Amino acid sequence: MKKAVVKAYAKINLILDVLGKRPDGYHEVEMIMQAISLYDRITIKPGNGISITTNHPLIPLDERNLAYQAAEVLIKEYPDIPGVEINIEKNIPMEAGLAGGSTDAAAVLIGMNAMFSLKMDNIELLERGAQLGSDVPFCILGATALAKGRGEIIEEVAQCPKLWVVLVKPNFGVKTKEVYQNLMLSSISSHPDLAGYLDALQVGDVPYLLNKIANVLEYSTFKLYPQVKELKEALKALGAKSLLMSGSGPTIYALFASQEAADTFASDVRKGCTYQVWVAHTLNKEILNERVEIS
Ligand code: ATP
């Protein structure tokens, strides 16, 4: 019997803008999303029904898990599949703004598509992903992409050159819904320059890409959790010039053009705080295309 092992990569937001509130209650967003090398390892084996095991004590093992919901969507559509056993080796922190749940769901769609030879193309996978959550389509497509609507409308853009990312996560999680509910659109004094950023990606202008990252959700999260703002200020004082909160937080990331600069910064951060710190790098399409192994 075949099994699939899928690397479910985390994301950061290079740009996150909120344009307004929609009649359906969601916010209209524009985001440039970027896959990074931190990943959960998802192993899928044929089974009866859907079962989930994991090394993480707090992840739900039932239908509340997005990976479970992804398997359910495909099993309902393809009744010949009797079920799957899914193991989630969790490395991406939860409620961190790094799309940990969404990327696990994307990995299950991609892995089941390959191991059961369902032959769904990207468009079909993106449709199934959008039913599961706004970030799932990006997690399917990677590597650098523009997301619009409530985040589920994905367009490919010029790929980001390889940059190094130091992630620092405070010892608590943040609920995305709470951050959007607390966002006062009138308090956003400056919106990111999306067009400028897309141009910089096009020409690979690394200084611009480092300097112009921007996320308007900082307005909301910093008010709810002043510790996150303090963390960003402390990281700035340690010498990082390119700093941003990812998604709704609370992870703050620092971007660097070289691995050496990222490693040095990460070790300085580790000396001074008890927060979790990871060093990762941005990914390109070729690496994303190799994320599934069937054996
Ligand atoms: P985003 O960046 O998309 O807002 P996040 O990184 O902030 O996401 P997640 O780690 O995806 O947040 O977790 C959010 C919630 O989703 C958690 O409270 C958790 O209970 C639930 N959840 C469901 N499935 C998973 C999963 N496979 N891994 C982690 N959390 C999951």
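Bear in mind the structure is a predicted one, so any value in this text is a computation, not a measurement. What you see below is based on every heavy atom in this structure, not just the backbone, and it leaves out hydrogens, waters and symmetry mates. Both counts, for ligands and for their atoms, begin at 1 and track the order of listing.
- Ring to ring, Y225 and F172 are close: their centroids are under 6.0 angstrom apart.
- No side-chain heavy atom of L98 sits under 4.5 Å from any side-chain heavy atom of K11.
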- Message: Checking K232 against E218 for the salt bridge (charged side-chain N to carboxylate O under 4.0 Å, His left out) test, could you report, in this order, the C-alpha distance in whole Å, the side-chain angles of both residues, the deciding distance, and whether it holds?
- Response: CA-CA 10 Å; K232 190 176 175 189; E218 287 186 346; 3.1 Å; yes
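- Atom 11 (O) of ligand 1 has G101 N, 2.7 Å as its closest protein atom, hydrogens excluded (heavy atom only).
- No side-chain heavy atom of K148 sits less than 4.5 Å from a side-chain heavy atom of V29.
- Given atom 4 (O) of ligand 1, the protein heavy atom at minimum distance is T176 OG1, 2.7 Å.
- Applying the 4.0 Å criterion to heavy atoms of M94 picks out, from ligand 1, the atoms 10 (O), 17 (C), 19 (C), 20 (O), 29 (C), 30 (N).
- Counting only N and O atoms by type, the side chains of T144 and Q34 include a donor and acceptor under 3.5 Å apart.
- The N/O atoms of A67, backbone and side chain alike, include none that comes under 3.5 Å of an N/O atom in ligand 1.
- Listed by number with element, the atoms of ligand 1 under 4.0 Å from a non-hydrogen atom of A96 are 5 (P), 6 (O), 7 (O).
- Every atom of ligand 1 is numbered from 1 in the order shown, and the set under 4.0 Å from a heavy atom of K11 is 2 (O).
- The contact set between ligand 1 and P60, taken as ligand atoms under 4.0 Å from a residue heavy atom, comprises 20 (O).
- Counting only heavy atoms from C-beta outward, the side chains of H281 and L163 never approach each other to under 4.5 Å.
- The protein non-hydrogen atom at the shortest distance from atom 2 (O) of ligand 1 is A99 N, 2.9 Å.
- K90 NZ, 3.0 Å is the protein heavy atom nearest to atom 28 (N) of ligand 1.
- Looking only at protein heavy atoms, the nearest one to atom 24 (N) of ligand 1 is L66 N, 3.0 Å.
- Scanning the protein for heavy atoms near atom 14 (C) of ligand 1, the closest one is E95 CG, 4.0 Å.
- By the 4.5 Å heavy-atom criterion applied to side chains, K3 and I44 are not counted as neighbours.
- Relative orientation of the F265 and F256 rings is tilted, given thresholds of 30° and 60° on the angle between their planes.
- At the top of the distance list for atom 7 (O) of ligand 1, counting protein heavy atoms only, stands G97 N, 3.0 Å.
- Under the 4.5 Å side-chain contact rule for hydrophobic residues, Y9 and I36 do not share a cluster.
- Closest heavy-atom contact between L167 and I12: CD2-CG2, 4.0 Å.
- For atom 21 (C) of ligand 1, the nearest protein heavy atom lies 4.0 Å away or farther.
- Listed by number with element, the atoms of ligand 1 under 4.0 Å from a non-hydrogen atom of N65 are 23 (C), 24 (N), 25 (C), 26 (C), 27 (N).
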- For side chain to side chain donor-acceptor pair (under 3.5 Å), just list the numbers for S189 and Y219, CA-CA rounded to whole Å, side-chain angles, deciding distance to a tenth of an Å, and then say yes or no. CA-CA 9 Å; S189 53; Y219 285 91; 3.0 Å; yes
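- Of all atoms in ligand 1, listed by their number and element, those nearer than 4.0 Å to a heavy atom of D135 are 1 (P), 2 (O), 3 (O).
- Taking every non-hydrogen atom of D104 and a distance limit under 4.0 Å, the qualifying atoms of ligand 1 come out as 26 (C), 27 (N), 28 (N).
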- After noting the C-alpha distance and the side-chain angles of K175 and E95, does the key distance pass the salt bridge (charged side-chain N to carboxylate O under 4.0 Å, His left out) rule? CA-CA 6 Å; K175 300 241 183 299; E95 295 183 342; 2.6 Å; yes
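- Assignment of Q69 to the shell around ligand 1 is not supported, since no heavy atom sits closer than 4.0 Å.
- With hydrogens left out, the protein atom closest to atom 23 (C) of ligand 1 is R64 O, 3.3 Å, a heavy atom.
- Protein heavy atoms are absent from the 4.0 Å sphere centred on atom 16 (O) of ligand 1.
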